[in-house]
Amino acid sequence: MYSKQHNIAPKISIPLAADILVSNAANDFNAKFKKITGQALQIERSNSLNKNSNYILLRVNPTQRDAFCVYKRDSNITIQGTTAQNLLYGISDFFKRYTNLNYEILENSLEDYQLTSDIEIPEVFNHCSSPTFAYREPYYSPNFNPDFRNWYKTNYLELEWGIWGHNLPKILKDYDLPETAYAKVGKKRVESQFCFTSDSLLKFTKESVKRIYDSDHALNKFMILPNDNSLVCTCSTCTAVGNTAKDAAPAVFSFMNKLAQSNRKATFFTTAYVTVKNVPKFKPEPNTGLFYSTISIQKGIPIEKSKYFDQFEEDIKKWRNYLQNVYIWDYTVNFDNYFDIYPTLKVTQENLKLYNKLGVNGVFLHGSEYNYSTFEKLKASVLAKLLWNPNLDIDQEVTSYFNAKYSKKLAEVLGNYYNFITEAFYLSNKELSIYSGIHETAKKYLDPKVFFAFYDEFDTHTQANKFDKDYLQIATALTFLKLEIMRDYGFGQYGFANLNDKNEIIVKNDAAILLDHLTAYSKSAKLDTYNEVGYQLKDYIDSWRKTIYRNHKKKNYFYKKPFEVISKMDEDYTNTKALNDGAFGLKDYNTNWHIASIDNLTLKIEKETIQKSEKITFTFLQDIKHNIFFPSSIEIMDEKMKIIKRLRLPLDDIKLDTKEVTIDLPTSFDRKDLPDTFIVKITKSTIEGKNALACDEIIFN
């Protein structure tokens with residue numbers, strides 16, 4: 001096809017009447033060709049071909065069966081798509097198959113890259129391809145790059161959705177909506193929800209949709225969702241179409257049908273979420289659809305092998321029998337910890353096969369959005385491939401990715417470990433939700449012994465990759481994970497400290513070294529946050545240092561000593577080990593905190609277990625967003641609940657922080673006041689309404 005030495009090169013042919021999109025496709029082919037050869041090809045716009053030349057024919061044929069075809073039957077190569085976008089996918093497919101171009105080369109500059117002097121191709125070939133799902137989006141930052149989308153054949157919500165998510169209020173904010181546009185709940189109209197049979201709401205929404213669509217015809221998908229609450233309009237017109245006090249689906253679909261009738265070139269979606277529950281009794285328009293969210297069932301186990309499968313299958317079949325367009329909204333990261341590797345590739349692969357079997361025709365894989373998550377480029381690229389074809393060899397894809405990106409030795413280290421944990425994650429029957437702490441992560445797949453060995457081997461490559469931003473991002477995440485494991489394990493081999501024979505906490509040097517590394521790596525990689533709500537790495541590091549500084553050489557006579565909780569415990573917090581296991585909590589409530597919301601926290605303790613102690617040190621969390629507050633008092637009592645000592649704590653309006661509180665035990669002068677069995681009662685805040693307290697390590701010292 002091409003030889004620099006023998007001056008052999010094809011021309012690019014596009015039809016005389018080719019539009020700007022086909023012209024752009026020709027330029028795209030030329031750019032990719034120049035990337036690997038250093039030479040540009042001649043683009044010829046004509047309906048006839050010169051018999052003395054060889055051509056790359058770029059064509060759009062809406063009538064062909066497959067999304068794109070790449071073939072060679074004579075001296076010319078034809079790349080043909082049903083749309084200009086599919087033509088671009090065909091061009092990328094050609095370069096993947098018949099040249100050494102990969103996305104790493106495409107994404108980076110030509111420095112140190114050896115240009116190709118020859119390209120050989122088979123005499124005859126014919127390859128056609130169509131996607132398993134019509135809509136395919138891995139919602140990670142790499143997918144925001146148009147080169148990534150063309151290479152990996154993905155969609156991007158910003159370019160296709162005129163309204164996305166719960167943004168109907170934002171679209172309508174400039175209109176003066178009458179009271180009747182809002183839901184009637186009981187006898188009152190409430191502005192926190194819409195009435196979807198309102199003529200005014202329909203009129204203004206139609207105007208907004210038309211304005212958006214006319215601005216860009218590519219914005220041809222619109223999400224019409226009730227506001228994110230459980231309110232349903234039960235006015236006379238809404239109940240007439242079928243609304244009940246808990247189901248708004250009839251009015252929502254009636255509303256979408258009218259929008260769909262007014263614009264046949266657009267598709268209108270809602271979600272099976274909160275108040276959209278049952279299939280309406282009337283027929284939907286063909287250009288309507290539904291997103292089904294897996295938020296409550298995505299637990300890191302293939303859905304078909306989980307306890308949620310029967311209900312899921314019933315729901316999807318129900319909606320698929322009603323609608324032509326059923327999309328899945330799925331999740332592929334731990335939103336409480338974006339640095340959790342959460343290697344869900346094989347689980348997602350099984351789920352994609354299930355979605356396809358059930359007739360789903362679109363999948364949105366919710367990743368870390370604009371934030372970094374560990375190995376996000378790997379996950380985005382492999383997930384993109386799976387959305388086109390779920391039957392790929394995951395191990396091979398992972399190995400190929402690292403081989404294209406790193407040195408042979410580093411690629412082997414990364415590839416072997418990633419494939420190992422992907423398999424461990426897939427085979428484990430333990431649930432790991434998309435909001436999980438490090439303790440659950442370690443139980444699911446992140447074995448400390450294996451991870452620490454991998455980390456040490458990975459770390460030997462840091463000097464050689466100290467200017468590679470991708471490597472430094474991974475180093476940041478892995479260092480964070482190692483610290484999290486050490487924090488969760490508390491004392492011992494995998495913990496941050498040891499307890500010596502004098503009952504003193506001795507913090508390991510490794511903890512300080514890792515904190516220094518995390519500071520340096522995150523700064524070089526320009527990473528500031530580590531979860532969905534934007535917790536700052538700087539605060540994380542500072543909190544770690546303060547904690548280990550104040551705990552180093554502190555005596556701990558209560559470590560793993562027996563005690564009894566005599567207050568009522570929350571269903572999810574019956575394991576009381578967090579109170580004296582040596583592990584400490586930071587500002588994330590789901591790691592190392594014991595939460596009490598239905599009762600105060602009351603402990604019964606035997607004096608003989610803490611004989612040498614002079615005081616008790618507690619650490620509490622206040623996280624107002626999650627209704628967790630510092631306690632109002634701490635009391636030491638006898639078994640008859642007679643108060644021996646009380647410490648009152650003032651109200652604190654800080655939104656998110658931890659607080660260390662110390663109460664002295666009776667001194668030697670009045671130690672007789674501390675009975676052999678005594679009670680420690682921690683009383684929840686006096687703030688009215690939903691109210692919980694969080695306590696981590698209780699240290700008798």
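- Here the side chains of Leu354 and Pro302 are not in contact, with every heavy-atom distance at 4.5 Å or above.
- Considering Tyr489, Tyr540, Tyr530 as possible partners of Glu484, the one that fulfils the side chain to side chain contact (heavy atoms under 4.5 Å, CB included) test is Tyr540.
- Here the side chains of Phe339 and Tyr372 are in contact, with some heavy-atom distance below 4.5 Å.
- The backbone N or O of Lys684 sits less than 3.5 Å from a side-chain atom of Ser632, completing a donor-acceptor pair.
- Each of Glu431, Lys430, Lys307 was compared with Ile301 under the side chain to side chain contact (heavy atoms under 4.5 Å, CB included) criterion, and only Glu431 meets it.
- In this structure, Lys625 does not pair ionically with Glu532, as no charged nitrogen and carboxylate oxygen lie closer than 4.0 Å.
- Annotation: side chain of Thr609 is not in contact with side chain of Phe563 (no heavy-atom distance under 4.5 Å).
- The side chain to side chain contact (heavy atoms under 4.5 Å, CB included) test with Ile636 singles out one residue from Ile616, Leu647, Ile605, Ile679, and that residue is Ile616.
- Summarising the geometry of Ile595 relative to Ala694, their closest heavy-atom pair is CD1-CB, 3.5 Å, with the distance given to 0.1 Å.
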Practice task
Show your working on ring pair (Phe, Tyr, Trp, His ring centres under 6.0 Å) between Phe458 and Tyr471 and close with a plain yes or no.
Solution key: CA-CA 10 Å; Phe458 170 84; Tyr471 180 93; 4.5 Å; yes
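- Panel note: side chain Gln622, backbone Ile654; a donor-acceptor pair is recorded below 3.5 Å.
- Aromatic ring centres of Phe291 and Tyr273: separated by at least 6.0 Å.
- In this structure, Thr479 and Tyr521 have side chains that are in contact, with non-hydrogen atoms separated by less than 4.5 Å.
- Between Phe584 and Phe496, a ring centre-to-centre spacing shorter than 6.0 Å is recorded.
- Side-chain atoms of Tyr140 and Thr332 form a donor-acceptor pair, as typed in the model, at a separation below 3.5 Å.
- With 3.5 Å as the limit, one finds a donor-acceptor pair spanning the side chains of Thr462 and Asp459.
- No side-chain donor from either of Tyr535 and Asp588 sits under 3.5 Å from a side-chain acceptor of the other.
- For Asn334 and Ser436, the side-chain atoms include no donor-acceptor pair closer than 3.5 Å.
- Proximity of the aromatic rings of Phe452 and Tyr494 is defined here by a centroid distance below 6.0 angstrom, and this criterion is met.
- A heavy-atom distance below 4.5 Å is found between the side chains of Leu386 and Ile394.
- Looking at Lys645, its side chain does come within 3.5 Å of a backbone N or O of Asp664 through a donor-acceptor pair.
- In the model, Asn419 has no side-chain atom that pairs as donor or acceptor with a side-chain atom of Glu423 under 3.5 Å.
- In this structure, the ring of Tyr139 has its center less than 6.0 angstrom from the ring center of Phe144.
- No hydrogens or angles considered: a donor-acceptor pair under 3.5 Å links the side chains of Tyr331 and Ser293.
- Side-chain atoms of Ile341 and Tyr445, non-hydrogen and from C-beta on, do get closer than 4.5 Å to each other.
- Remark: the backbone N or O of Phe425 is paired with a side-chain donor or acceptor of Lys444 at under 3.5 angstrom.
- The side-chain heavy atoms of Val661 and Thr617, taken from C-beta on, include no pair separated by under 4.5 Å.
- For the pair Thr344 and Leu432, the minimum side-chain heavy-atom distance is 4.5 Å or more.
- Taking the six-membered ring where tryptophan is involved, the planes of Tyr455 and Phe451 are tilted, since the angle between them lies from 30° to 60°.
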Exercise for the section: Using the salt bridge (charged side-chain N to carboxylate O under 4.0 Å, His left out) rule, take Asp516 and Arg545 through it: C-alpha gap first, then chi angles, then the decisive distance, then the call. Expected result: CA-CA 10 Å; Asp516 287 343; Arg545 285 179 170 148; 2.7 Å; yes
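- Test Tyr417, Phe420, Tyr418 against Phe454 for ring-ring contact (aromatic ring centres under 6.0 Å, His included) and you get one pass: Tyr417.
- Paired with Tyr435 under the rule ring-ring contact (aromatic ring centres under 6.0 Å, His included), one option of Tyr589, Tyr342, Phe335 passes, and it is Phe335.
- Using modelled atom types and a 3.5 Å distance limit, the side chains of Asp330 and Tyr355 yield a donor-acceptor pair.
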